Amino acid sequence: MLVLGVSGSLRRDSYNAALLRHAGDLFEGEGAQFEIYDGLREIPPYDEDYDTEDAPEAVSRLREAVRDADAVFFVTPEYNSSIPGALKNALDWISRPFASNPLRYKPVAVIGASSGMFGAVWAQAELRKILGAIGARVTEGEVAVGNAGERFDQNDRLNEPNLEQEVHEVVARLLSDAEAAKTSQREAA
Amino acid sequence: MSSVDTQVLPSGTWQVDEIHSSVGFAVDYMAGTFHGTFGDFDAAVTDGVLKGSAKVASVQVKDENLAAHLQSPDFFDAQAHPELSFTCTAISRDGDRLTIDGEITIKGHTEVAKITGEISDPIADSYGGERFGLTLQTVVERDKFGVSWNNPLPSGEPALSNEVTITAELQLAKVGEGEC
């Protein structure tokens, strides 16, 4: 089982990137292979004129990474009550052509962190809506890591067992959904 | 199945003529009613018992992206649940009017349903066979089947109704001996 991890934050010392790494350890603890996608900064602004068979290389790499994964795990910060533009831009590239895009039927889960007290809950809801519209299989569950500046130890690990448990539950649920999707694909074949 | 009154529908085996039949749905969306159909479906009456199914991947609407969205987990989830189906459990007739109790399965959820409709008696058709007609309709609450997508209007009201009307206009041709 291969899980692709995507953080919506580009910041070098991002809390969301730390949260993603912590989640990655939990995936690996469950026996899954976990890869972090780190090319978000290289994705150009979506432009239909360039969305051809010869798409930009960074976009092709992203689409291929999503296609190869059995599931995709997103962590997102929140800007102006929504997701970061870079993440939305990447999703716009992935989603075309719509009927055959690599996120279609792909099991996905969303959690988030923010330096404010609400833990990016609106961004998470927004991202789930977008992923559903793209055709992904959105796993239920939300983890809101609020006041993120106080929620990680010196090793960038979540310092609250309850939060780690919440992340673990979403991780387990996503793996379960991905396994069910693989089973139904096999039965359909 | 024992409660089905086999006298109501013609005896023998009758198979849907897909070309001259249609299966679809209608749902209120914003200021009007949105319609869709399924291109690939099946229906048969065998010894008075009606069964039917439709392939989710064959949903037909006027926009290919909307068709793709309807097949996604937001709506029917064609990958995990490729078919909708219906089975009749009881049927009664008053003149041409039919009342059918049955079970409808959508997205893996099965719910009881009451279907109303009309039946036309068998006639000799243009192809040397016999056929009769059924016009059926039922209203389902889609959230009971896990189809709960919505989008709020500026007023805050949901854009898409929870009640969906499913319709089937069927011509069923008699299957002769030696056919299957």
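Since we're looking at a predicted model, the values are computed, not measured. First the proteins, then the strands, lettered A, B, ... as listed; each starts at 1.
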ILVMFWY cluster, [X] and [Y] together (side-chain gap under 4.5 Å):
X: A/V170; Y: A/V110; value: no
X: A/V3; Y: A/L131; value: no
X: A/V171; Y: A/I36; value: yes
X: A/L62; Y: A/L10; value: yes
X: B/M30; Y: B/F75; value: yes

Specify which of A/A133, A/A180, A/A136 makes the most heavy-atom pairs with chain B at under 4.5 Å.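 The answer is A/A133.
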Just by distance, which donor-acceptor pairs between chain B and chain A come in under 3.5 Å?
| from | atom 1 | to | atom 2 | distance (Å) |
| --- | --- | --- | --- | --- |
| B/A68 | O | A/R104 | NH1 | 2.8 |
| B/A68 | O | A/R104 | NH2 | 3.4 |
| B/Q71 | O | A/Y105 | OH | 2.8 |
| B/D74 | OD2 | A/A133 | N | 3.4 |
| B/D77 | OD1 | A/R137 | NH1 | 3.3 |
| B/D77 | OD1 | A/R137 | NH2 | 3.0 |
| B/D77 | OD2 | A/R137 | NH1 | 2.4 |
| B/Q79 | OE1 | A/R137 | NH2 | 2.8 |

Using the salt bridge (Lys or Arg N to Asp or Glu O under 4.0 Å) criterion, which residues pair with B/E118? Sequence neighbours excluded.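 Only B/R97 meet the salt bridge (Lys or Arg N to Asp or Glu O under 4.0 Å) criterion with B/E118.
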Closest heavy-atom contact between A/G135 and B/P73?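 In terms of heavy atoms, the two residues are closest at O-CD, 3.3 Å.
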Verify the neighbour count for atom CD of B/E111: are there more than 12 heavy atoms of other residues, nucleotides or ligands below 6.0 Å?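 Above 12, so yes.
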